[in-house]
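Following: one structure in structure tokens, then a few remarks.
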Number of protein chains: 2
Amino acid sequence: MLSKKTRYAIKALVILGKNFGEAPMQISKIASEEHIPKKFLEQILLDLRNAGLLYSKKGAGGGYGLVKDPAEIFVVQVLRLTGGPVALLPCVSLNFYQKCDECSNEATCGVRDVFLEVRNATLKILSETSIADIISREGLLIQNTGV
Amino acid sequence: MLSKKTRYAIKALVILGKNFGEAPMQISKIASEEHIPKKFLEQILLDLRNAGLLYSKKGAGGGYGLVKDPAEIFVVQVLRLTGGPVALLPCVSLNFYQKCDECSNEATCGVRDVFLEVRNATLKILSETSIADIISREGLLIQNTGV
DNA sequence: TACAAAGTATATAGATTTAGTAGACTTTTA
DNA sequence: TAAAAGTCTACTAAATCTATATACTTTGTA
């Protein structure tokens with residue numbers, strides 16, 4: 001399961017994606033629109049800023065905005081920045097690799113092999129899906145459900 | 001990430017799968033071969049037994065064994081029995097469903113839609129892969145690595 | 001120039017989950 | 001009847017996650 005931190009980060013990037021090109025958006029606005037605790041969101045946005053995904057502007061009329069086009073920000077990046085590993089086992093994780101201490105031979109471990117397959121399938125989707133894709137999917141879903 | 005509990009359960013089922021058809025195997029043997037804390041493994045095997053996957057035999061010469069052929073036990077079952085949800089978001093989980101409290105409309109949520117796709121891909125692999133498959137993969141890996 | 005708006009930074013608390021341990025009990029076999 | 005082996009419940013320690021608190025800095029504007 002993804003952590004709240006990761007989920008909030010994605011939500012925030014989506015709303016900032018919709019706002020791309022406009023004036024920066026305030027934390028409190030994002031927090032209230034997406035029902036995210038403000039103080040928690042502050043930390044998350046700061047992380048995303050320090051990672052180079054967002055710019056920030058202090059003072060009156062300040063706020064946060066996307067540095068890049070939402071079509072160039074992929075979900076997998078967000079997971080990694082917020083500490084959510086893609087893999088289900090540490091021994092098949094690219095960015096959070098750790099040896100399974102109960103495993104005697106990684107190279108011939110059948111369990112690992114299965115979860116390598118799962119990781120590859122997941123990674124494919126998450127590294128091909130951008131924030132812009134999420135936004136356009138919402139458009140499609142709204143059409144289809146007739147809301 | 002899968003919990004240790006889930007990982008240990010899979011490992012235990014694999015070793016019991018290799019032993020299928022033979023006399024029951026003792027917890028302590030499984031624990032020492034797979035480097036799993038014995039007391040912890042006891043609880044896990046008991047769960048798997050209560051779920052109908054294993055039979056047990058008390059007393060001298062007792063132990064655990066698979067009830068069904070390893071080809072009929074699928075990885076997804078093990079995840080679910082040991083509390084490891086397949087989905088990365090509670091709102092796309094079939095067996096551990098929960099509403100995202102920060103989400104206003106599930107039906108039109110683009111984030112959910114992406115993770116629905118991920119869940120489907122994962123589920124496909126895990127529900128098609130059996131304990132017997134894991135065992136035969138190990139055979140192939142041993143050949144390929146020349147160990 | 002002072003004040004309010006807004007982000008920055010660090011620390012900490014509370015809750016939950018996970019991993020593992022302990023100990024007493026029951027059943028079975030030799 | 002003693003030893004082997006599983007059963008059951010409770011507990012604890014550690015880690016992690018989520019959220020809050022507090023004090024600080026920067027910026028715009030009246």
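Below, read A as the first sequence line, B as the second, and so on, with proteins coming before strands; counting in each chain starts at 1.
Put simply, CD1 on Ile125(A) and CZ on Arg119(B) are 11.5 Å apart, with the number rounded to the nearest 0.5 Å. For the atom pair CZ (Arg49(B)) and CD1 (Ile44(B)), the distance works out to 15.5 Å, reported to the nearest 0.5 Å. Considering OG of Ser93(B) and CZ of Arg80(B), their distance stands at 7.5 Å, rounded to 0.5 Å. Here the SG atom belonging to Cys91(B) is positioned 5.5 Å from the CZ atom belonging to Arg112(B), to the nearest 0.5 angstrom.
Side chain of Gln43(B), nearest nucleotide from dT18(D), dT7(D), dA10(D): dA10(D).
Rounded to a whole Å, the CD atom of Gln26(B) is 13 Å from the P atom of dT7(D). For Arg7(A) and dT18(D), the CZ to C1' distance is 11 Å, given to the nearest whole Å. Here the P atom of nucleotide dC11(D) and the CZ atom of Phe40(B) are 19 Å apart, to the nearest Å. Atom-to-atom, CD1 of Ile36(A) to P of dC17(D) comes out at 18 Å; the value is rounded to the nearest Å. Between Lys4(B) atom NZ and dA15(D) atom C1' the separation is 13 Å, expressed in whole Å. Look at CG on Asp47(B): it is 12 Å from C1' on dT7(D), rounded to the nearest Å.
Screening residues 81-111 of chain A for ring pair (Phe, Tyr, Trp, His ring centres under 6.0 Å), with sequence neighbours left out, gives no hits. Here ring pair (Phe, Tyr, Trp, His ring centres under 6.0 Å) pairs that include residues 46-93 of chain B, with residues two or more places apart or in two chains, number zero.
Linking ILVMFWY side-chain heavy atoms closer than 4.5 Å, directly or via other members, places Leu48(B) and Ile135(B) in a single hydrophobic cluster. Both Leu54(B) and Ile134(B) belong to a common hydrophobic cluster when Ile, Leu, Val, Met, Phe, Trp and Tyr are linked at side-chain heavy-atom distances under 4.5 angstrom. Residues Val86(A) and Leu2(B) fall into different hydrophobic clusters, defined by Ile, Leu, Val, Met, Phe, Trp and Tyr side chains chained together at heavy-atom separations under 4.5 Å.
Chain B approaches DNA chain C within less than 4.0 angstrom (heavy atoms of the protein), and the contacting nucleotides run 5' to 3' from dA19(C) to dT29(C).
Between Ser56(B) and the phosphate of dT7(D), there is a side-chain N or O to OP1/OP2 separation shorter than 4.0 Å.
Each of Leu2(A) and Met25(B) lies near DNA chain D, and the nucleotide nearest Met25(B) is the one positioned closer to the 5' end.
Side-chain N/O atoms of Ser136(A) and Asp133(A) include no donor and acceptor closer than 3.5 Å.
Residues Glu117(A) and Arg137(B) are paired through a salt bridge, judged by an N-O separation under 4.0 Å between the basic side chain and the carboxylate.
When atom types are taken as modelled, the side chain of Gln26(B) and the backbone of Gly62(B) share a donor-acceptor pair closer than 3.5 angstrom. Remark: the backbone N or O of Leu141(B) is paired with a side-chain donor or acceptor of Thr145(B) at under 3.5 angstrom. Judged by distance alone, the side chain of Asp113(A) and the main-chain N or O of Gly110(A) form no donor-acceptor pair under 3.5 Å.
The residue Tyr8(A) sits close only to the backbone: its heavy atoms come under 4.0 Å of sugar-phosphate atoms, none of a base. Nucleic acid contact class of Leu45(B) (heavy atoms, under 4.0 Å, all strands): none.
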Filtered N/O pairs between nucleotides 22-24 of chain D and protein, under 3.5 Å:
| from | atom 1 | to | atom 2 | distance (Å) |
| --- | --- | --- | --- | --- |
| dT22(D) | O4 | Lys39(A) | NZ | 2.4 |

Dump every N/O contact between nucleotides 25-30 of chain D and the protein below 3.5 Å, one line per pair.
| from | atom 1 | to | atom 2 | distance (Å) |
| --- | --- | --- | --- | --- |
| dT26(D) | O4' | Lys58(A) | NZ | 3.4 |

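Taking a 4.0 Å limit (strictly below) on heavy-atom distances, residues 93-100 of chain A does not reach DNA chain C anywhere.
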